[in-house]
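Read through the structure below, which is laid out as structure tokens, and then see the notes.
Every chain is numbered from 1 and lettered A, B, ... according to where its sequence line falls, protein lines coming before strand lines. Hydrogens, waters and symmetry mates are skipped; everything else that's a heavy atom, side chains included, is used.
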Protein chains: 2
Amino acid sequence: MKDPDSKTKIRRHSQADIVGAALSLLDDQGLPNLSMRAIADSIGVQVSALYWHFPNKQTLLARVSERLLGNSTIDSDADGDIESIAVDFHERLLAYRDAAELVSSSLALGLITLPARPLIHDAAVRAGLDDRGATIAADTIVHFVIGFTFHEQQRMNADSAGVVIHEAATMTVADIGAEADDFRSGLRLITAGIHATVKFL
Amino acid sequence: MKDPDSKTKIRRHSQADIVGAALSLLDDQGLPNLSMRAIADSIGVQVSALYWHFPNKQTLLARVSERLLGNSTIDSDADGDIESIAVDFHERLLAYRDAAELVSSSLALGLITLPARPLIHDAAVRAGLDDRGATIAADTIVHFVIGFTFHEQQRMNADSAGVVIHEAATMTVADIGAEADDFRSGLRLITAGIHATVKFL
DNA sequence: ACCTGAACACCGTTCAAGT
DNA sequence: ACCTGAACACCGTTCAAGT
């Protein structure tokens with residue numbers, strides 16, 4: 001409507017296209033195989049073409065991180081409790097292969113912000129913490145979720161590669177449920193700390 | 001004494017030599033520059049020589065991780081409380097550039113074990129948790145320490161590279177002290193959760 | 001505006017061959 | 001037992017040139 005046919009640009013690839021291609025490549029090849037050449041190949045373009053759209057690989061990966069975190073879905077559980085926000089964050093990371101490692105690296109380079117962080121901060125304030133306490137609580141939970149999921153996904157990769165890590169080979173279906181329980185238990189340990197801290201104020 | 005001169009092997013480089021060279025190279029060049037070629041150069045040897053001593057780079061790096069964690073110093077604070085064990089772990093990571101990222105990757109690949117883990121586990125049991133609770137507490141604290149230190153060291157690298165990350169440029173000497181306080185505060189949040197959980201048993 | 005083609009300066013790893 | 005020299009199959013990034 002706002003762009004009549006006279007102005008229909010034949011842009012062969014948008015940033016969004018490339019990010020989408022990279023995301024699905026990540027999911028079925030894994031982060032170690034997500035090279036600029038692999039991304040270029042998957043959309044039928046030369047590697048150098050990617051550098052017209054993005055200044056470097058890390059920036060491209062940061063956009064992929066944002067996409068899988070759903071940085072657009074601003075609201076979602078905007079006023080849930082801490083636990084449900086953390087569980088949602090955990091699930092988004094679990095939805096794509098190696099997502100925790102990818103997000104961890106984008107975050108470390110300061111190229112993304114996590115939607116979950118302010119949500120947890122505000123929930124902590126509602127729970128009774130002051131601003132500084134809420135910031136520390138948010139950081140602690142974010143570290144926990146990323147660290148936990150990182151290990152979780154690394155084990156998934158090792159399993160599917162047939163690698164035996166210690167005695168993990170004897171893991172049954174019940175153990176997978178136990179892993180999810182461990183996540184919630186670790187989370188509850190931290191939230192219990194938050195509530196206990198509130199009582200001292 | 002146990003090896004008379006007739007048997008004095010002229011081993012030109014031991015594994016320990018190489019690990020030591022890699023460790024000091026890590027400390028003044030950073031993890032991204034710690035290539036097999038750089039390590040080989042620093043001890044005056046061809047890259048391929050390293051592959052006689054180690055099967056691959058990750059294994060070499062795992063031995064470096066163990067060295068900087070002081071996996072030999074088994075005792076140290078064998079029966080301290082959770083907080084002092086975590087603080088010691090944090091200090092060992094802070095002692096070498098990029099140590100948190102290095103250890104995180106060795107750990108994810110299942111190539112090392114952390115001395116701090118069983119120490120925290122036992123301290124948690126002494127505090128009143130059962131075995132499963134103590135395991136979860138140990139993992140949660142380990143995730144927190146590594147995640148916190150990872151970000152801490154990434155910021156150190158960005159600072160020394162003159163990179164301005166957000167408004168971090170206005171950080172004063174007082175803020176450095178505040179950063180150390182944040183570590184202890186995050187830690188106390190988790191230990192408060194542990195003590196609160198114990199009361200429910 | 002968007003992409004090609006070719007190059008540069010690197011990687012980790014392997015392997016025959018030397019001593 | 002320990003290392004050299006050379007190669008293989010990759011990387012991320014740059015840049016002139018095309019359309």
Side-chain angles (χ1 to χ4, degrees), chain A residues 3-22 25-26 29-65 98 101-102 105-106 108-109 111 157 161 163, chain B residues 3-22 25-26 29-65 98 101-102 105-106 108-109 111 157 161 163:
Chain A
D3 194 280
D5 60 356
S6 70
K7 246 201 146 198
T8 357
K9 323 165 196 165
I10 330 165
R11 42 168 64 247
R12 321 183 210 180
H13 291 288
S14 62
Q15 288 203 195
D17 286 343
I18 299 171
V19 169
L25 209 54
L26 168 73
Q29 308 281 354
L31 190 57
N33 297 313
L34 193 63
S35 66
M36 292 298 267
R37 278 164 172 89
I39 297 169
D41 280 3
S42 83
I43 58 175
V45 104
Q46 295 290 323
V47 213
S48 48
L50 299 178
Y51 287 85
W52 190 89
H53 296 277
F54 304 92
N56 50 49
K57 186 185 183 181
Q58 284 306 328
T59 303
L60 198 171
L61 292 188
R63 299 293 88 80
V64 175
S65 297
D98 294 340
E101 185 175 359
L102 174 68
S105 126
S106 296
L109 294 170
L111 299 174
N157 284 341
V163 179
Chain B
D3 192 282
D5 61 355
S6 69
K7 246 200 145 200
T8 355
K9 324 163 196 169
I10 329 166
R11 41 167 64 249
R12 323 186 208 178
H13 290 288
S14 63
Q15 289 202 196
D17 287 344
I18 299 171
V19 168
L25 208 54
L26 169 73
Q29 307 281 355
L31 190 57
N33 296 313
L34 193 64
S35 66
M36 292 298 267
R37 278 165 172 87
I39 298 170
D41 280 2
S42 83
I43 58 174
V45 104
Q46 295 291 323
V47 213
S48 48
L50 299 178
Y51 288 85
W52 190 88
H53 296 276
F54 304 93
N56 51 50
K57 186 184 183 182
Q58 284 306 328
T59 303
L60 199 171
L61 292 188
R63 298 295 87 80
V64 175
S65 298
D98 293 340
E101 185 175 0
L102 174 67
S105 126
S106 295
L109 295 169
L111 298 174
N157 284 339
V163 179

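Side-chain atoms of B/S105 never come within 3.5 Å of backbone atoms of B/E101 as a donor-acceptor pair (strictly under, hydrogens ignored).
The phosphate of C/dA1 (OP1 or OP2) has no side-chain N or O of A/H53 nearer than 4.0 angstrom. For the pair A/Q46 and C/dC3, the criterion of a side-chain N or O lying under 4.0 Å from OP1 or OP2 is not met.
In this structure, the CZ atom of A/R12 is 8 Å from the P atom of C/dC2, given to the nearest Å. We find that NE2 of A/H13 is positioned 14 Å from C1' of C/dA1, with the value rounded to whole Å. Regarding A/Q15, its CD atom lies at a distance of 13 Å from the C1' atom of C/dC2, rounded to whole Å. At whole-Å resolution of the value, CG in A/D17 and C1' in C/dC2 are 13 Å apart.
Residues A/V45 and A/R12 fail the side-chain proximity criterion, which asks for heavy atoms closer than 4.5 Å. Proximity of B/D17 to B/I43: side-chain heavy atoms (C-beta onward) are nowhere separated by under 4.5 Å.
Of all non-hydrogen atoms in A/A38 and A/N33, the two that sit nearest each other are CB-O, 3.7 Å. What you find for A/I18 and A/F54 is that their closest heavy atoms are CG2-CE1, 3.7 Å.
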### Query
In dot-bracket, 5' to 3', how would DNA chain C read with Watson-Crick or G-U wobble pairs under 3.5 Å, [ ] for crossing ones and | for pairs to another strand?
||.|||||...|||||.||
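To the nearest 0.5 Å, atom CZ of residue B/R37 and atom CD of residue B/Q46 are 10.0 Å apart. The distance from atom CE of A/M36 to atom CG of A/L50, rounded to the nearest 0.5 Å, is 4.5 Å. For the atom pair B/D98 CG and B/L34 CG, the distance stands at 9.5 Å (nearest 0.5 Å).
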All N/O contacts under 3.5 Å from nucleotides 12-17 of chain C to the protein, with atom names and distances to one decimal?
unit_1: C/dG12; atom_1: OP1; unit_2: B/K57; atom_2: NZ; d: 2.6
unit_1: C/dG12; atom_1: OP2; unit_2: B/M36; atom_2: N; d: 3.1
unit_1: C/dG12; atom_1: N7; unit_2: B/R37; atom_2: NH1; d: 2.5
unit_1: C/dG12; atom_1: O6; unit_2: B/R37; atom_2: NH2; d: 3.0
unit_1: C/dT13; atom_1: OP2; unit_2: B/Y51; atom_2: OH; d: 2.7
unit_1: C/dT13; atom_1: OP2; unit_2: B/K57; atom_2: N; d: 2.8
unit_1: C/dT13; atom_1: O5'; unit_2: B/Y51; atom_2: OH; d: 3.3

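Comparing C/dA17 with D/dC2, their C1' atoms sit 13 Å apart, to the nearest whole Å.
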